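Single-structure report; data block below.
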Amino acid sequence: MQQIAPMEASVRTERSRSEIVAFMLMAVALIVAPAVIYPLFLMKALCFALFACAFNLLIGYVGLLSFGHALFFGWASYISAHAAKVWGFPPELAVLTATAGAAALGFVAGAIAIRRQGIYFAMVTLALAQMMYFFAVQAPFTGGEDGIQSVPRGKLFGFLNLADQMTMYTFVAIVFLLCFLLIYRIIHSPFGEVLKAIRENEPRAISLGYKTDRYKLAAFVLSAALTGVAGGTKALVFQLASLTDVNWPMSGEVVLMTLLGGLGTVFGPVVGAFIIIAMQNYLAAFGQWVLVIQGVIFVTCVMLFRRGIVGEIASLLRIKL
Amino acid sequence: MFEIFGIPSQALFGQLLIGLINGSFYALLSLGLAVIFGMLNIINFSHGAQYMLGAFAAYFLLQVAGLNYWVALVVAPIAVGFTGVVIERLFLQWLYKLDHLYGLLLTFGLALIIEGVFRNYFGSSGLPYRVPDALQGGQNLGFMFLPNYRAWVIVFSVVVCFATWFLIERTRLGANLRAATENPTLVRAFGINVPRMITLTYGFGVGLAALAGVMAAPIYNVSPQMGSDLIIIVFAVVVIGGMGSIMGAILTGFGLGVIEGLTKVFFPEASNTVIFVIMAIVLLIRPSGLFGRGT
């Protein structure tokens, strides 16, 4: 054991060097970007990037495909919008309330969904999300088709006025980077190693004495909570919470972002989210063809490069990203 | 006219009828999903889109070629089933050795493509399709009015469901199919062309979806998103029933349709969600589904 331990340590530093460099590049890019790109677009992309990272925590590291993550994203944006508008919460508290709400929803949905594996898990999460979508359509406080409009962005910690676009951007970028680091930390913790063990061989993980259901549920709640941060922030950015965010195409979109960027890669979901959001932005004039293009990307990814963009680059350069 | 639990019989039986109609479509679609899953180990996410294709095929046959409902009932499933065969040969056959999830993702992508193309040309409003002449009108049963076409849909889907069950559970072809599901290598050693059987199974499952689409055309409008709303409910039906059993899929489909119809009478607010709630309850009590074997 003593012989192996230092070797492992050196492997780990070697591997993570590329990740540290990539993280630095990403942070620099986020500082430079608003000078070149419209901040509102960047904020949207960052919210979706966080959403995709949170989703990737489940599919990439536990091997659970949730087809119902719109449930947490959409409901978190409703909760955040309601808290900020009706209860008059400051923005940081609104996002935290949304996170707690999404975690609670994640606990209930997760407890039901982890009772089935594989393909059934995907169908159960999709069905639960659709149920909560219908609930959102009917519930009085979601505003039905109108959604919750003109949500005040408020003053962060009481003195930073988020109505200013650059202040809002800084807030979103910091929230994103913190959550990204948290996800990175989770993946590389002993807890994360157990999750990967479950992904690779669940019966073996059980035979080693791990209560895999608890680990899966914990991962599900974490993923839902982080999705909640993304959804809650998005409601403040756009000052709107609507049915779009809670409906099933949103669940499909986050799957697409993660698949395109690379399942189980740290940076893949971020890259995927930026590409898909940019595509929706610039191809909006083509109407329904966006849907077709998304379908084509799905098919191409599954048939030709299942590792996704970042996964392919990483294997080409033989580094870890 | 009489009342049951304070509900006029017209309303009660009317919703029961709608429930049975919906149940027919749930049964036909979950049956197709179960057949495909049994053989290919793939959840066919494009099932809803292929159901929609069936309805559009009937619409085109009538509008462009002037061929009536009865021709469409035969031609549309075969044509759409053939596109299924092409999809299986082009895409799905390369995915069998991979994680099941890739089949789900691929068929989801295909569903987006099909739905996107149709939405682009036909928007999201529905196109009307006339009830065939022979089935116009209806019967007054005294306690309710029964339109002929709706009676036909229920009877015909029951017949199709049981014919499929008979084909798979009681014929030699079905026996080969079930054997190939258990152990494809051994069945191939007996000289049976298993890959071709898999291809045709997918085509058959897709054809069933298209058949349901043709039957649905005169009841609901023909519209590009008619399938995507339905498929999620059918997924819940499949989770409740478990996909291990053909008969289970049929019974669950009809049963849940009726329960949904009754919910519309007694507690209309929950009619959209009742199937999902039942799914959650079933998962908590009997995780493998009502008719399922293992996971």
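Keep in mind it's a predicted model, so treat the numbers as computed, not measured.
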For this session: State whether the number of non-hydrogen atoms from other residues, nucleotides or ligands found under 6.0 Å of F107(A) atom CZ is greater than 12.
Result: no
For this session: Could you tell me whether Y210(A) atom OH has more than 12 heavy atoms of other residues or ligands within 6.0 Å of it?
Result: no
For this session: Considering only heavy atoms, give the residues of residues 294-301 of chain A separated from chain B by less than 4.5 Å, sorted numerically, with 'none' for an empty result.
Result: Q294(A), G295(A), V296(A), F298(A), V299(A)
Exercise. Relative to chain B, which of A111(A), A109(A), A127(A), G63(A) shows the most heavy atom pairs under 4.5 Å?
Worked result: A127(A)
Problem set entry | Leading residue by heavy atom contact count with chain B [cutoff under 4.5 Å; candidates F134(A), Y133(A), F121(A)] | F134(A)
Proximity breakdown for [X] and chain B, heavy-atom pairs closer than 4.5 Å:
X: L256(A); result: neither
X: V124(A); result: both
X: I293(A); result: neither
X: L64(A); result: neither

For this session: Sorted by first residue and then second, give each salt bridge (charged side-chain N to carboxylate O under 4.0 Å, His left out) pair with at least one member in residues 298-314 of chain A; sequence neighbours left out.
Result: R307(A)-E312(A)
Exercise. Any donor and acceptor pair, going by atom type alone, linking the side chain of R115(A) with main-chain N or O of L283(B) inside 3.5 Å?
Worked result: yes
Exercise. If only atom types and distance count, is the side chain of Q138(A) paired as donor or acceptor with the main-chain N or O of E269(B) below 3.5 Å?
Worked result: yes
In terms of heavy-atom proximity below 4.5 Å to chain A, should [X] be classed as side chain, backbone, both, or neither?
X: V277(B); answer: both
X: F37(B); answer: side chain
X: I233(B); answer: neither

Exercise. Are there residues of residues 97-104 of chain B that reach to under 4.5 Å of chain A by heavy atoms, and which ones?
Worked result: L98(B), H100(B), L101(B), Y102(B), L104(B)
Rounded distance (nearest 0.5 Å) linking atom [atom1] of [X] with atom [atom2] of [Y]:
X: T125(A); Y: F235(B); atom1: OG1; atom2: CZ; value: 10.5 Å
X: N120(B); Y: L291(A); atom1: CG; atom2: CG; value: 9.5 Å
X: I240(B); Y: M123(A); atom1: CD1; atom2: CE; value: 11.0 Å
X: M303(A); Y: L90(B); atom1: CE; atom2: CG; value: 8.0 Å
X: F276(B); Y: L128(A); atom1: CZ; atom2: CG; value: 9.0 Å

Problem set entry | Residue of the set L110(B), T107(B), L105(B) for which side-chain contact (heavy atoms from CB on, under 4.5 Å) holds with V302(A) | L105(B)
Problem set entry | Close side-chain approach of N272(B) to F135(A), heavy-atom, < 4.5 Å | no
Exercise. Are I232(B) and W248(A) close enough that some pair of their side-chain heavy atoms sits under 4.5 Å apart?
Worked result: yes
Exercise. For the ring pair F108(B) and F67(A), is the centre-to-centre distance below 6.0 Å?
Worked result: yes
For this session: Name all pairs fulfilling the side chain to side chain donor-acceptor pair (under 3.5 Å) condition that reach into residues 102-111 of chain A, sequence neighbours left out, sorted by first residue then second.
Result: none
Exercise. In terms of heavy-atom pairs under 4.5 Å with chain A, which of I275(B), L95(B), I43(B) leads?
Worked result: I43(B)
